[in-house]
Amino acid sequence: MAAEPPALRLRPPGNTGDSPPVPRLLGGCVPLSHQVAGHMYGKDKVGILQHPDGTVLKQLQPPPRGPRELEFYTMVYAADCADAVLLELRKHLPKYYGVWSPSTAPNDVYLKLEDVTHKFNKPCIMDVKIGRKSYDPFASSEKIQQQVSKYPLMEEIGFLVLGMRVYHAHSDSYETQNQHYGRSLTKETLKEGVSKFFHNGFCLRKDAIAASIQKVEKILQWFENQKQLNFYASSLLFVYEGSSQPATTKSNDRTLAGKFLSKGPLSDADVLECNNNFQLFSTPANGTSVGKSLSKVYARHRKLYSKKHHSQTSLKVEPLEQDNGWKSMSQEHLNGNVLSQLEKVFYHLPAGRQEVADVEVRMIDFAHVFPSNAVDEGYVYGLKHLIAVLRSILDS
């Protein structure tokens, strides 16, 4: 028996309380407001809905695709599953809560899934199809030709942007791109095209890029260590928080550096890299200089890495005026040595402290998953190239 989903808000992410009411459909469900790709309710024969409890309802596709996807979820989330590979895979999928059918249409079957965006206030979402082939081994010659003609570069690039939805804070609005945008990307424009997802209209969200890379690398690790399944026409769903409003500051709030020391992740409001400059939204309230705190961060960083024989990494953080903190830094300092050293401190922190953005990367769409006895080379190729592109954006 599948576990019951947690109670979630009914208001679609990114909507305000003053938005017009969304028409209710079967069983009080509504069309999924933040869907960026795939079959959409109202446009296709099957679509994706949102249940009143906040879960996502994906209508089962016609055979053999629908039953195959149902079989996949049933296998991975079986209560008696003891397969270490499948148990590890669960970490990278939306939670599965069984199937659902409306009382008025009992023959319409829906997969009941976790809404990966539920915890985000202004979710930025991108759907990326992964693999060198978007057709499975049993596809007809007509199907193969159709899929190849949609995006001839799939074989070489290994992934395809199917759609994205990016929140722009300055205008409090979303910019959307559909599958035609992704298909228009060439080898020369691919980097710029993907980076668009991480640009909020004001700056490039490098914190979200770095966190996304870590998530994709974990999925790659799973694929490199399993020989049970091959995935075709499957996607990665990227989600990060688009809201950058500073959190309410309390008198006992820790400084930016202190939050690193406490092992807690930083929120967007704590640090946001814009045009290679760190914008800090809080200043020390207890008189402790940021320079002094940063020195503590570096000292801890150096101690951790000396244990791992990384003594060759030598960083020097310039001390700042204790009385003035960040305010004592001139624009020259922000654009100069202090900033470059600070960036290095952040970048070389252990993996557990590098994710300063709240990001989710989950695998979705499993209508073309097949048993195998070999590594899924096509999916691995796509993941590696996607990681390379993300790293290139991060380093630019």
Side-chain angles (χ1 to χ4, degrees), residues 8-20 22 32-37 115-128 161-178 181-182 191-215 237-250 253 255-256 259 264-283 326-327 331 334-335 339 342-343 346 354-362 390 393-396:
L8 307 176
R9 67 178 186 273
L10 297 181
R11 178 164 51 87
N15 282 16
T16 64
D18 298 329
S19 299
V22 180
L32 188 64
S33 64
H34 46 280
Q35 185 178 350
V36 297
D115 179 4
V116 180
T117 74
H118 75 85
K119 66 179 180 180
F120 296 91
N121 181 34
K122 300 291 185 181
C124 298
I125 309 166
M126 179 170 64
D127 187 325
V128 183
V161 176
L162 294 178
M164 65 175 68
R165 184 174 187 260
V166 186
Y167 178 70
H168 286 184
H170 67 283
S171 60
D172 190 26
S173 63
Y174 284 91
E175 177 184 358
T176 60
Q177 302 290 346
N178 60 22
Y181 171 81
K191 176 182 173 181
E192 179 183 356
V194 174
S195 69
K196 193 180 189 72
F197 173 63
F198 296 99
H199 203 289
N200 63 7
F202 176 65
C203 63
L204 187 65
R205 287 287 305 276
K206 288 194 173 184
D207 57 337
I209 300 173
S212 296
I213 291 173
Q214 289 189 350
K215 300 279 188 179
L237 190 70
F238 290 76
V239 188
Y240 72 88
E241 179 57 67
S243 175
S244 59
Q245 295 179 353
T248 302
T249 303
K250 298 179 181 178
D253 274 354
T255 63
L256 174 67
K259 290 186 179 182
L266 292 176
S267 68
D268 300 345
D270 297 317
V271 56
L272 181 63
E273 182 173 347
C274 298
N275 301 323
N276 295 322
N277 287 338
F278 277 100
Q279 307 285 329
L280 300 185
F281 295 101
S282 60
T283 56
W326 280 98
K327 294 181 180 179
Q331 188 63 35
L334 282 174
N335 291 327
L339 179 64
L342 177 59
E343 285 184 299
F346 287 162
Q354 195 169 331
E355 288 187 14
V356 296
D358 195 0
V359 170
E360 290 288 350
V361 180
R362 305 286 187 94
L390 292 174
I393 297 170
L394 185 63
D395 294 339
S396 62

Using the side chain to side chain contact (heavy atoms under 4.5 Å, CB included) rule, pick out the option among V166, I393, V128, V161 that qualifies with F197. V166

From M164 atom CE to D127 atom CG, the distance as rounded to the nearest 0.5 Å: 10.5 Å

E192: partners by side chain to side chain donor-acceptor pair (under 3.5 Å), with sequence neighbours left out: none

Nearest heavy-atom approach of D115 to H118 is O-CD2, 2.9 Å

Do the side chain of E241 and the main chain of K122 share a donor and acceptor less than 3.5 angstrom apart? yes

Minimum heavy-atom separation for N200 to H170, with atom names? O-ND1, 3.9 Å

Is the backbone N or O of I209 less than 3.5 Å from a side-chain atom of Y240, with the two atoms forming a donor-acceptor pair by type? no

Does F238 have any ring-ring contact (aromatic ring centres under 6.0 Å, His included) partners at least two apart in sequence or in another chain, and if so, which? none

What's the spacing between S212 OG and E360 CD if we round to 0.5 Å? 10.0 Å

What pair of heavy atoms forms the shortest contact from H168 to H199, and how long is it? NE2-O, 3.7 Å

Beyond-backbone contact of S171 with F202, side-chain heavy atoms, under 4.5 angstrom: no

Atom NZ in K215, atom CZ in R362: separation rounded to 0.5 Å? 7.5 Å

Considering residues at least two apart in sequence or located in another chain, which fulfil the side chain to side chain donor-acceptor pair (under 3.5 Å) criterion with T176? none

Nearest non-hydrogen partners of K191 and S396, listed with the distance: NZ-CB, 3.5 Å

Heavy-atom pair of closest approach, residues L394 and K206: O-NZ, 3.1 Å

Minimum heavy-atom separation for C124 and G242, please, with both atom names. SG-CA, 3.7 Å

